[in-house]
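Everything on this sheet refers to the single structure shown next.
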2 protein chains.
Amino acid sequence: MENERDNQAPKKAGGRRPGSGRKLGTGNYLEPTTVLRVPVSQKLVLIDFLEAYAKKQRAQSSRANLDGIGEFEQLPEALSKLDISLYQSKVAAGFPSPADDHVEKRLDPNEYLIDQEESTFFITIQGESMLEAGLLPGDKAVVDKSKTAEVGDIVLAMVDGEFTIKTLAKQKDGNPKLLPANSSGKYTPIIITGEMQFEIFGVVIGSFRRFK
Amino acid sequence: MENERDNQAPKKAGGRRPGSGRKLGTGNYLEPTTVLRVPVSQKLVLIDFLEAYAKKQRAQSSRANLDGIGEFEQLPEALSKLDISLYQSKVAAGFPSPADDHVEKRLDPNEYLIDQEESTFFITIQGESMLEAGLLPGDKAVVDKSKTAEVGDIVLAMVDGEFTIKTLAKQKDGNPKLLPANSSGKYTPIIITGEMQFEIFGVVIGSFRRFK
DNA sequence: ACATTTTTTATTGTTACAATAATCAAATGG
DNA sequence: CCATTTGATTATTGTAACAATAAAAAATGT
């Protein structure tokens, strides 16, 4: 091994490599790390937060490196399946980033709100008649035409040519009535009689809104 | 070493003490800990969180004030696309039949509710403190961590280790306060003082729920 | 009986380490 | 001469280990 020059050149690459080696700031966070002692119950919470933080850092840096470069990224599939991980935490123990027990479910608002896409549509709430059911003006009500309405359901009904959203109830005589959810007295129940045109168009199975 | 009785008693206290020693769960968090590697820039943030967590654990009994928070739900990956008819006519007053030539928009709840996936997660509302803002128990609040909170926004904040959802307001002295949206008097504003640990984690930009 | 000392064990911040990953230089091969 | 492979080198990263401290109970002293 000592006389490396007596015969043919070595078959293997060798020698010093000054200046080589992994570069600083090439880790997950693009910055140095340190260790921290944490309660075990919060470890996964914190890991989740750190993952989100790392993702954000990397996204920012890649955006910064983007200038001048054309994109060549390719979207996987046009209509991708919704796959939102949902981390459930029990109580208020948690972090900005979720995941307490790391009991992991997947929640997709679309899936959560919609059972059958083909029979579902949305309606923007206008009045305050269902205020106490949590339907405020501007809310989008999710209406499913395929659902069978039962007493107590919030339904989209047409009464004498007018659409309304109310809670379905029954009169003593068996005819339906439509109840507002507003105790102010400004809205009165709609009593359906035989002469009235009445049709239930669908059941309000959910709602959503934007605050900001 | 077995015959501890053979000669004179030792001058110093000695001998085995079975059952002695510090008890388990007597640390800051009342639970075991582990080490975690974190980016240095987040160390103080995490320490702040851990202090609040420890404080909360130690004061385990007192406040059941965490009304407003249920579980965290996060949505990391790709969101599904959806296009469903939105009838934006008025519901309470004369609504065109869905079979009509209705004005119709295509609306995707996911797109409507979420601006930035990577900074958004969901929380299940628990108390009734935000009832009059239309947030009922069981509703999913859409929280965006990347939004800057302004006075009047509904925010997810941590106060002394407890998460809460309230409306952000300001005191005369400039310090923040958190207002419930419930006039019943059961919920009182949270006045933030200098000694309190306070952090805003995100802005509630929307909500959604299922009725059925 | 009460206070003090001793022993024991958990906590806790930090350091150390080993396995991995990233990166460049040299070697190799066409 | 250029592209690819190999090897060396250094950062990253999860975990183990350590030492100093804290807490709790037994043993001892007064």
Side-chain angles (χ1 to χ4, degrees), chain A residues 1-66 69 87 93 95 97 99-102 104, chain B residues 1-61 76 161 197:
Chain A
M1 292 306 193
E2 281 77 38
N3 48 357
E4 64 281 292
R5 56 174 56 218
D6 53 356
N7 48 18
Q8 77 285 352
K11 305 295 286 275
K12 295 296 190 178
R16 315 208 62 247
R17 268 99 173 149
S20 76
R22 185 172 188 166
K23 289 289 177 275
L24 269 163
T26 57
N28 243 329
Y29 310 106
L30 313 179
E31 66 177 276
T33 60
T34 183
V35 290
L36 186 65
R37 186 169 288 276
V38 306
V40 289
S41 75
Q42 300 305 299
K43 182 174 187 179
L44 294 174
V45 176
L46 298 173
I47 285 174
D48 191 72
F49 163 72
L50 292 173
E51 275 171 13
Y53 177 75
K55 193 172 170 184
K56 183 181 134 217
Q57 295 301 101
R58 288 194 300 258
Q60 280 180 5
S61 96
S62 73
R63 219 173 298 130
N65 290 344
L66 253 187
I69 304 172
Y87 301 92
F95 205 68
S97 116
D100 200 350
D101 309 343
H102 226 250
E104 181 173 329
Chain B
M1 298 334 182
E2 279 74 36
N3 51 354
E4 64 282 288
R5 57 171 61 215
D6 50 358
N7 49 16
Q8 77 288 345
K11 303 297 286 273
K12 294 292 191 177
R16 314 210 62 248
R17 269 107 175 137
S20 76
R22 186 173 186 166
K23 287 288 176 277
L24 269 162
T26 58
N28 243 330
Y29 308 107
L30 312 178
E31 67 177 275
T33 60
T34 183
V35 291
L36 186 66
R37 187 170 288 277
V38 306
V40 289
S41 74
Q42 299 303 301
K43 185 173 187 180
L44 294 177
V45 175
L46 297 174
I47 287 174
D48 188 62
F49 162 72
L50 292 173
E51 274 171 13
Y53 177 76
K55 188 175 170 185
K56 181 188 138 221
Q57 292 301 99
R58 279 181 267 122
Q60 54 194 157
S61 61
Q197 187 264 336

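Chain A is the first sequence line, chain B the second, and so forth, proteins listed ahead of strands; every chain is numbered from 1.
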inquiry  = Using the rule given for side chain to side chain contact (heavy atoms under 4.5 Å, CB included), can you reason through A:Leu36 versus B:Val35, listing the C-alpha separation, both sets of side-chain angles and the distance that settles it, and then say yes or no?
reply    = CA-CA 5 Å; A:Leu36 186 65; B:Val35 291; over 6 Å; no

Contact pattern, 5' to 3', of nucleotides 11-16 of chain D - B, S or - by protein heavy atom under 4.0 Å = BSBBB-

Terminal axes of the helix from C:dA1-D:dT30 to C:dG30-D:dC1 (five pairs each): angle between them, nearest 10 degrees = 20°

message = Can you tell me which residue among A:Thr33, A:Leu50, A:Asn28 is in a side chain to side chain contact (heavy atoms under 4.5 Å, CB included) with B:Arg37?
response = A:Thr33

query = Is a donor on one side and an acceptor on the other found under 3.5 Å between the side chain of B:Glu31 and the backbone of A:Ser41?
reply = yes

